[in-house]
Amino acid sequence: MSHMMPNSFLPEFGYATPLDDLRPGPLYEDERPTRRDRPLGEILGLVDLTRLITDGRGEEVRALDEVSLSIRRGEILGLVGPEGGGTTTLLRSLNLLERPTAGEILYEGEVVQDRTGERLATLRRKIGMVFREYNLLSSRRLFDNVALPMRLAGRRAWEIANRVPVLLELVGLGDKRDAFPDQLSCDEKRRLGIARALALQPEILLCEEPTSFLAPDAAHRVLELLKEVNRQTGATIVLTTDDMSVIRAICDRLAVMEAGRIVEEGPVWESFAHPRMPLTRRLLHGLLPELPPFIRARIRPEPEGPSDAILRLKFGGTSAYDPIIAEFAREADAVFSVIHGAIDYIQEQPLGVLFLSLQAKGPEHLRSQIVYLRSRVLDVEVIGYVPRSA
Amino acid sequence: MSPDLLDLLARALWQTFVTVAAAGTLCLLAGFPLAILLTRTDREGFSPRPGLQRFVSGAGAASFLILLVALLPVSHLILGRSIGSWAAIIPLSIAATAYFARLAEAALSQVDRGLIDAGLAMGAGRRQILLQFLLPEALPQIGAGFMVTLGAVAGASLVIQALGAGELALDGQGLSHPAVIAIAAAAAITLLYFLRAPGSRRSRLGQGF
């Protein structure tokens, strides 16, 4: 490989900088391109990644179907979807535990999906993985479980002796270094898995369903720990889950997967405010305020006699702090009552949902009020009409 | 009891001990690599070799007595004799090796596949995964398997008296004395019990985990 030659063989660079060692050499005709231009800040990129697997009946299934995704350095990305949607396969493809049938995986712009041997091991040491089933070594003490990746990578004894206690302390297992994994509870095992995955100071941390098997408060602690790890080390975190509340708790961005495809992708806040796909709405069920069934039962699609309109408003971003409701009453001459609603904070951004029962003087008046609201909030939806009670 | 009889018993016990120890050592030395080879050439292993699999299964399944007779020429070739406890060590070791290798392979294959994933994700190579993940995790089970094998070896070594290897049981001339038979039987049963008991207890523990 040309980039392994001394810099003096590469006069086209003009002068040697330390970076030259990392740059690819000039492209020869018989050499496949190994680098791509990628978006700024991307650490891991997937291009049309496809993985075919043979299922139990011998039929070919697309576990991944032309998935393209750009993972940015330092972010927490959540892969969310129902079981069999492809989130686990995608996660396991990122460190090549599963090989793509077609497509490219780019680590810092470098094509890596065909790597084998020592070059593959080098890549994997930069990517830590936390397994759903823990996959800890039952015959080794906690200290040795965390030390194992460092020993395998040939790290020095003093480095191991210094780093392992720090990691155990970080995940709250500092006093159990001589215990065995079987003596731990589920969330302690998960945290041990996190400590082990961090042993080699990875650039990327892959977490396979980090909250599964955990009680809600333990799940919360694990998520807080991941957030802390992300903040302290700057490691990029990619996690899978089927639970939107996990996404809401720690993710910056999400990718919703179904049948091996990414059907929706973007900042978490946006998907909560404007879920584009039916699957996303289903996953969000229960996380955003919804009208209680006894009210929903009284709602008619069209007004029958004198009726109140039931509106659902979504507001967020800066508009959440504006006195919209007070101004609506004053400026649009509206008479209404708030029947349900809540404001939630997602990645420190407010997202509010409010249900109004609106008394309009007539269809014209209602239309003008809706037009007014649309100019002030993210989304206005007329759910239906409830006959006015006497 | 006459001093002659005690002397006979002591010598027989020593012979049994030597036979079992020698066969056990050989089976440990050969069985471990064979178990690893079997794991690697398994149908789902790195490089499947069904022929080798069948051969080892055959050697393990063949009755020890058949193996003993079939291997007489080999024993003769190696040790210069085809009769006696030293000659018995060869077929005994081969049968024990195949048996132990199967047990050890089963122990290796029962290690959770997830641990291999964990090793790969750390950047471990095949060798590291075998030595640092599979072997330590399977070791309690392999140990239990070895104890079971030793028990079987001791049992088989008692059978060898049929070919006149001398043993805890009898040389032909003792068969007429009921006391000799009783003492020899008691010694054999005691020996086998103590060799087999820890093996079976260990393996039950291992499975219960």
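Atoms considered below: every heavy atom in the structure, side chains included; atoms not considered: hydrogens, waters and symmetry mates. Order of the sequence lines fixes the chain letters, A, B, ..., with proteins taken first and strands second; residue numbering starts at 1 for each chain. For clarity, every value in this text was computed on a predicted model and none was experimentally measured.
If you take CZ on B:F133 and CG on A:L152, they are separated by 5.0 Å, rounding to the nearest 0.5 Å.
When the candidates B:G125, B:P136, B:A121 are compared by the number of heavy-atom contacts under 4.5 Å with chain A, B:A121 comes out ahead. The residue among A:L200, A:L206, A:L96, A:L136 with the most heavy atom pairs within less than 4.5 Å of chain B is A:L136. In terms of heavy-atom pairs under 4.5 Å with chain A, the best-connected choice from B:A124, B:G114, B:G119 is B:G114. Comparing A:P149, A:G128, A:G193, A:G117 by how many heavy-atom pairs each has under 4.5 Å with chain B, the most go to A:P149.
By the neighbour-count criterion of 12 heavy atoms within 6.0 Å, atom CD of A:E59 is densely surrounded, having more than that number from other residues, nucleotides or ligands.
For A:L120, no part lies under 4.5 angstrom from a heavy atom of chain B. Using a 4.5 Å cut-off between heavy atoms, A:R92 touches chain B through its side chain atoms alone. Both the backbone and the side chain of B:D117 come within contact range of chain A, judged by heavy atoms closer than 4.5 Å.
Heavy-atom minimum distance, A:R196 versus B:M122: CD-CE, 3.4 Å.
Using modelled atom types and a 3.5 Å distance limit, the side chains of B:Q132 and A:R140 yield a donor-acceptor pair.
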